[in-house]
Amino acid sequence: QTGTFTYDPGFTSTASCESGLTYIDGDEGVLLHRGYPIGQLAEQSSFMEVAYLLLNGELPGKDELDKFNNTITRHTMLHEQLATFYRGFRRDAHPMAVMCGVVGALSAFYHDSTDITDPKQRMIASHRLIAKMPTIAAMAYKYSVGQPFLYPDNSLSYTGNFLRMTFGVPAEEYVVNPVVEKALDRIFILHADHEQNASTSTVRLAGSSGANPFACIAAGIACLWGPAHGGANEAALNMLHEIGRPERIPEFIARAKDKNDPFRLMGFGHRVYKNYDPRATVMQKTVREVFKELNVSDPVFEVALQLEEMALKDDYFVEKKLFPNVDFYSGVILSAIGFPTTMFTALFALARTVGWVAQWNEMISDPEQKIGRPRQLYTGPVQRDYVPVDKR
Ligand code: SDX
């Protein structure tokens, strides 16, 4: 269909909100951002173009994109005192713990963009969050490996800057590999937004109370960390390593089907997709490109491919419509690029910040929006009178 269309779920929708950013058809495996298919955006656009599209509703023209890139670039630095925040953490702190803390603290440093009633401040806060997440994530990695922080180099692209801040060292020049840069930029696009997933709903609910945008994004980071959500990419690669070789796949498929075993195939299944996650399709193709460019092979990729093939032939997975999701292959690529598994969800948070701030802006700029207040189905005792302790 072309033009505007209303989505009739065919049932009394329990929709939590109205939104025009992202459309998912879980049965058909369709994902659109402002009407554009994820496959086309992943193959033809850049993460900054998609960020502009989600924030503003239209793909930018050349001048608009240059201006947006320049604006984001100018916000990549962190207040110098925030660097001391990192030194309060143990070196082995999980990067997501660090990001929760540092992002939550941003409102203590950037007061001039916390007045949510001012559209100008809202946009400045949005640009600051998109711009600073790579710096914050890279610093979390550097701190964990005991290397010095690198300041942003604004002559590089958004993703190139992140790669250099993460893997560069002061002692020598860091040359961005364009194939790796493109692959990582594409991975960021695939993670940018995804309708009302758990972490985005968390950001919206927090934002509906009027909390400042930095606090709301910190809440989203906390929610994304869970293994059922963004933490699945780290868990999926750990699972593939635990399987180790194709001969062990049947054992793990049997465990995933065993109701008495809490084990689930990480990177498989989805609350909405009952078809192949279109992002997983692009992700698998990107693995092949990165492996070819880096001239690496990883037996884990072969395990992943065979696990997918065997699971998709298994009645249990077919009947329950369980397919690979965005997290199934992403870890294989991120590991090949050099990221430790502990950084995978931090990268997911980096990319999803674009969707979180776009969804937050959409909600907070709606004059009709009210504080979120989910109700419950009460299952506790009926009313009864108090009994003093000496009579209990
Ligand atoms: C993300 O919402 C989003 O959009 C999230 C996300 C985004 O971009 O924001 O797409 C990112 O979080 C992707 C999902 C990443 N999580 C994982 O890969 C973790 C492994 N997957 C599962 O834990 C699970 O599939 C969930 C949490 C994703 C969904 O769980 P549900 O809601 O229970 O799935 P379901 O209702 O479709 O399950 C149907 C059945 C259930 O069995 P029955 O109760 O019917 O007997 O399938 C079973 C589930 O137990 N099942 C699995 C399974 N996933 C579901 N069995 C084995 N392995 C699995 N992975």
Side-chain angles (χ1 to χ4, degrees), residues 14-17 19 21-27 29-33 38 41-42 50 54 96 187-204 217 220-240 242-243 249-283 304 307-308 310-312 314-332 341 344-345 347-356 358-359:
T14 56
S16 58
C17 67
S19 173
L21 271 71
T22 291
Y23 172 74
I24 299 174
D25 181 332
D27 295 327
V30 170
L31 169 55
L32 308 177
H33 289 318
I38 189 62
L41 292 172
V50 173
L54 285 167
M96 288 297 276
I187 289 172
F188 288 163
I189 290 171
L190 296 175
H191 287 84
D193 190 49
H194 209 240
E195 202 218 66
Q196 303 312 315
N197 57 85
S199 54
T200 298
S201 301
T202 300
V203 169
R204 278 182 169 256
I217 300 306
I221 293 172
C223 177
L224 185 73
W225 194 0
H229 191 11
N233 53 17
E234 178 178 348
L237 193 72
N238 291 337
M239 174 192 74
L240 292 170
E242 189 187 352
I243 295 172
I249 291 173
E251 170 196 337
F252 283 81
I253 286 185
R255 282 189 57 197
K257 292 159 63 175
D258 178 356
K259 281 299 160 208
N260 299 317
D261 187 332
F263 172 77
R264 285 189 164 181
L265 280 190
M266 301 315 281
F268 254 78
H270 198 274
R271 291 299 277 131
V272 177
Y273 287 123
K274 301 311 168 191
N275 199 323
Y276 213 96
D277 182 337
R279 301 168 296 175
T281 309
V282 180
M283 205 66 91
L307 171 56
E308 174 189 340
M310 291 172 77
L312 296 189
D314 186 289
D315 292 346
Y316 174 91
F317 289 87
V318 172
E319 278 156 29
K320 294 187 184 293
K321 297 182 180 176
L322 302 174
F323 293 85
N325 59 50
V326 68
D327 294 313
F328 188 62
Y329 287 107
S330 58
V332 176
T341 52
F344 292 179
T345 311
L347 295 180
F348 194 150
L350 184 164
R352 187 53 58 88
T353 295
V354 160
W356 287 334
Q359 298 259 359

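The shown structure was predicted, so the numbers you read here are calculated from the model rather than taken from an experiment. Every number for a ligand or one of its atoms is a count from 1 in the order of the listing.
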- R255 atom CZ, neighbour heavy-atom count above 12 within 6.0 Å: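 Enclosed: over 12 neighbouring heavy atoms sit under 6.0 Å from CZ of R255.
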- Query: Is the backbone of G26 close enough, under 3.5 Å, to the side chain of N275 for a donor and an acceptor to pair up by distance?
  - Reply: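 Not at all, since once roles are kept as given, no pair shorter than 3.5 Å links the two residues.
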- Donor-acceptor pair, H33 side chain versus V50 backbone, under 3.5 Å?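 No; zero donor-acceptor contacts below 3.5 Å.
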- Item | Shell of residues surrounding ligand 1, defined by a 4.0 angstrom heavy-atom cut-off that is strict |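 Around ligand 1, where the cutoff is 4.0 Å for heavy atoms, the contacting residues are H194, N197, P227, A228, H229, A232, A256, K259, R264, L265, M266, G267, F268, G269, H270, R271, K274, R279, Y316, K320, L322, N325, D327, F348, R352.
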- Message: For a 4.5 angstrom cut-off between non-hydrogen side-chain atoms, does F323 reach Y273?
- Response: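 With C-beta onward as the side chain, the pair stays apart.
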- Query: Got E195 and T200 here, is their nearest side-chain heavy-atom distance under 4.5 Å?
  - Reply: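 E195 vs T200: side chains apart.
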- Task: Measure the acute angle between the ring planes of H194 and H270, then classify it against the limits of 30° and 60° as parallel, tilted or perpendicular.
- Result: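 Rings of H194 and H270: perpendicular, as their planes differ by over 60°.
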